[in-house]
J.: 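One structure follows; several queries about it will come next.
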Amino acid sequence: MHHTVCATCVLLLFSLGMARFSSGETLSISASLGENEWKVMREKVFPPFETRENCRIRAVNIEAGDTLKKIEVMHRANRMSIDLLLLDNMNLAPYVEKRVVLDLTKYQAQMDPAVYASLVQPLTFHGRLMFFPGRPNVQITYYNTDVFHGSNYHIPETWDELLEVAKRLKAAYKVGKVAMHGTLDTNTTTQVFEFITAAGGEITTLNDPGSVKAFTFLQKLYTYLSPETKKANWNTTNKFLSEETIFLARNWPVGMQVIVQQNQKTNIQAYATWAGPAGRATMIGGDVIAITKRSPNKELALKFAGYLMSREIQTLLVTELGWPPIRSDALGSVPERQQGFFKAIMEALRYGHYRPAIMGWSAVDKYVNLAFKDIVMDGRDVQTTLDTYARDLQEELEWLK
């Protein structure tokens with residue numbers, strides 16, 4: 001999930017750095033952050049590092065979809081002007097395949113033992129550590145405590161319980177009160193990934209037994225979902241939960257800020273997730289740290305990467321922004337009102353799976369959403385439809401190799 005970078009924040013960041021330092025190196029970083037996130041970076045994260053290293057930090061706004069292309073052009077021309085990247089972990093393989101990021105294997109000691117090993121292992125490609133963990137993100141299950149208070153309705157812990165409670169709520173309210181992300185884009189793919197993985201399937205195969213189980217279940221569930229499902233994504237789900245149009249939905253931790261703090265909905269809580277036939281499964285999203293292969297300030301970039309992973313900064317980001325930490329010792333300052341959400345987040349991370357690191361994820365995205373539309377929304381035959389799209393998907397993936 002990406003936020004639009006505030007241009008004003010970036011300009012202020014430039015001017016702040018220029019005013020404070022007249023000498024020393026300039027570290028250029030590219031990230032996709034929201035306005036409040038940049039504010040915390042500018043005011044609380046960057047200044048101590050700039051002072052300590054006698055440098056300044058320049059933030060560069062490159063649209064997420066253009067980052068690889070621009071880095072590749074600079075790399076080929078041997079005119080790299082970006083040192084450090086915060087990259088969405090959903091699109092890492094191309095950076096490795098095109099050899100534009102630094103092999104970090106010999107710098108692994110930058111991470112101390114408190115960094116979760118489960119977040120590090122998937123950042124290894126062909127036996128080489130290519131990225132450092134930056135900010136993990138994982139969806140949690142939000143629910144309305146006025147409804148799910150343990151007497152009439154219980155929060156669902158399994159697929160069967162989820163189906164049953166969705167049925168009962170629709171019967172009671174004459175409209176579905178459970179939603180999933182049904183906007184037929186990356187939002188939908190993320191949640192389908194979790195259902196397929198929880199059934200023991202592989203989303204890149206698409207017609208294996210686990211995928212068939214997942215789509216068969218989703219087809220049944222859809223009948224009882226809220227009509228808001230077609231409009232529900234990472235942003236609108238917060239609105240629907242706040243307005244109590246829906247009572248139960250999975251979404252990213254940003255909901256903690258929007259629903260509870262901004263919209264003052266103290267009757268919304270969260271837990272990790274429900275279990276499928278093969279157990280509980282979540283998809284780990286978020287950002288990782290990469291250093292460009294031809295960075296003019298490699299040593300400074302490595303120091304800043306270590307600084308971002310430090311207990312001090314991870315604790316600050318938890319406290320100020322509600323970011324899930326990459327390390328086990330950075331939760332000490334979670335405000336009381338957020339503790340329940342962080343418990344859910346940290347548990348959800350335990351069930352986390354990274355998306356497969358393949359070149360052709362856009363093809364997976366396309367065919368998963370075509371299958372969701374045809375099978376789940378339109379009721380077409382599960383196996384036949386998945387066989388068709390799985391064949392098309394494999395052809396595209398082969399072509400991309």
J.: Would you say Asn187's side chain and His181's backbone share a donor-acceptor pair under 3.5 angstrom?
T.: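 No.
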J.: Apply side-chain contact (heavy atoms from CB on, under 4.5 Å) to Asp185 and Thr189, showing your working.
T.: CA-CA 6 Å; Asp185 52 22; Thr189 309; over 6 Å; no
J.: Would you say the side chains of Asn251 and Thr237 form a donor-acceptor pair under 3.5 Å?
T.: no
J.: Please check if the side chain of Gln219 supplies one atom and the backbone of Ile375 the other of a donor-acceptor pair under 3.5 Å.
T.: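 Such a contact is found between Gln219 side chain and Ile375 backbone.
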J.: Just checking, is any N or O donor in the side chain of Asn238 or Gln257 under 3.5 Å from an acceptor N or O on the other one?
T.: no
J.: Salt bridge between Lys39 and Glu43, side-chain N to carboxylate O under 4.0 Å?
T.: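 Yes, Lys39 and Glu43 are salt-bridged.
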J.: Using 4.0 Å as the upper bound for N to carboxylate O, is an ion pair formed by Lys373 and Asp378?
T.: yes
J.: Checking Ser28 against Arg58: is there a side-chain donor and acceptor pair closer than 3.5 Å?
T.: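 There is such a pair (donor and acceptor under 3.5 Å, judged by atom type) between the side chains of Arg58 and Ser28.
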J.: With Tyr143, which of Thr141, Thr145, Asp146 fulfils side-chain contact (heavy atoms from CB on, under 4.5 Å)?
T.: Thr145
J.: Keeping the roles fixed (side chain from Tyr351, backbone from Gly279), state whether a donor-acceptor pair exists under 3.5 Å.
T.: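 Flag not set: sc Tyr351 to bb Gly279 has no pair under 3.5 Å.
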J.: Do the side chain of Gln394 and the main chain of Thr204 share a donor and acceptor less than 3.5 angstrom apart?
T.: yes
J.: Any salt bridge between Arg76 and Glu72, counting N to O under 4.0 Å?
T.: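 A salt bridge links Arg76 with Glu72.
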J.: Angle class for the Phe304/Tyr307 ring planes (parallel below 30°, perpendicular above 60°, tilted otherwise)?
T.: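 Tilted: the ring planes of Phe304 and Tyr307 meet at 30° to 60°.
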J.: Looking at Arg250 and Glu194, is there a salt bridge between them, counting it only when a charged N and a carboxylate O are closer than 4.0 Å?
T.: yes
J.: For the side-chain contact (heavy atoms from CB on, under 4.5 Å) test, which of Leu397, Leu92, Ile203, Asn91 pairs with Trp361?
T.: Ile203
J.: In Å, rounded to the nearest 0.5 Å, how long is the span from CD1 of Ile313 to CD of Glu320?
T.: 10.5 Å
J.: Under a 3.5 Å cutoff, is there a donor and acceptor pairing between the side chains of Thr236 and Asn233?
T.: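 Yes, a side-chain donor-acceptor pair sits under 3.5 Å.
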J.: Which of parallel (below 30°), tilted (30 to 60°) and perpendicular (above 60°) describes Phe125 and Phe131?
T.: perpendicular
J.: Under the side-chain contact (heavy atoms from CB on, under 4.5 Å) rule, what do Tyr142 and Leu248 come out as? Steps first, then yes or no, please.
T.: CA-CA 6 Å; Tyr142 292 85; Leu248 181 82; over 6 Å; no
J.: Is it the case that over 12 heavy atoms from other parts of the model lie below 6.0 angstrom from the CZ atom of Arg79?
T.: no
J.: Do other residues, nucleotides or ligands put more than 12 heavy atoms under 6.0 Å from Lys170 NZ?
T.: yes
J.: Tell me whether the count of non-hydrogen atoms from other residues, nucleotides or ligands lying under 6.0 Å of CD in Glu202 goes above 12.
T.: no
J.: Examine distances only and state if a side-chain atom of Tyr116 and a backbone atom of Arg350 form a donor-acceptor pair shorter than 3.5 Å.
T.: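 No: the side chain of Tyr116 does not pair with the backbone of Arg350.
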J.: Determine whether the aromatic ring centres of Phe247 and Tyr173 lie less than 6.0 Å apart.
T.: yes
J.: Please verify the inter-ring angle class for Tyr367 with Tyr389; under 30° counts as parallel, over 60° as perpendicular, anything in between as tilted.
T.: tilted
J.: Looking only at side chains, do Asp103 and Thr105 share a donor and an acceptor under 3.5 Å apart?
T.: yes
J.: Quick one: do Glu157 and Arg280 make a salt bridge, cutoff under 4.0 Å?
T.: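 Answer for the salt bridge query: yes.
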J.: Apply salt bridge (charged side-chain N to carboxylate O under 4.0 Å, His left out) to Glu25 and Arg56, showing your working.
T.: CA-CA 7 Å; Glu25 293 175 291; Arg56 57 191 176 88; over 6 Å; no
J.: Give a yes-or-no answer on whether the side chains of Trp323 and Glu37 include a donor-acceptor pair shorter than 3.5 Å.
T.: yes
J.: So that I can tick it off, tell me whether Glu299 and Lys303 are bridged by a salt bridge, with the cut-off set at under 4.0 angstrom between side-chain N and carboxylate O.
T.: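 Here Lys303 does not pair with Glu299 in a salt bridge, since their nearest N and O are not under 4.0 Å apart.
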J.: Does a salt bridge link Asp112 with Arg327, judged by any charged N lying under 4.0 Å from a carboxylate O?
T.: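 Result for this pair is yes, salt bridge flagged.
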J.: Hey, is the main chain of Asn152 close enough, under 3.5 Å, to the side chain of Arg168 for a donor-acceptor pair?
T.: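 Here the side-chain-to-backbone pair exists.
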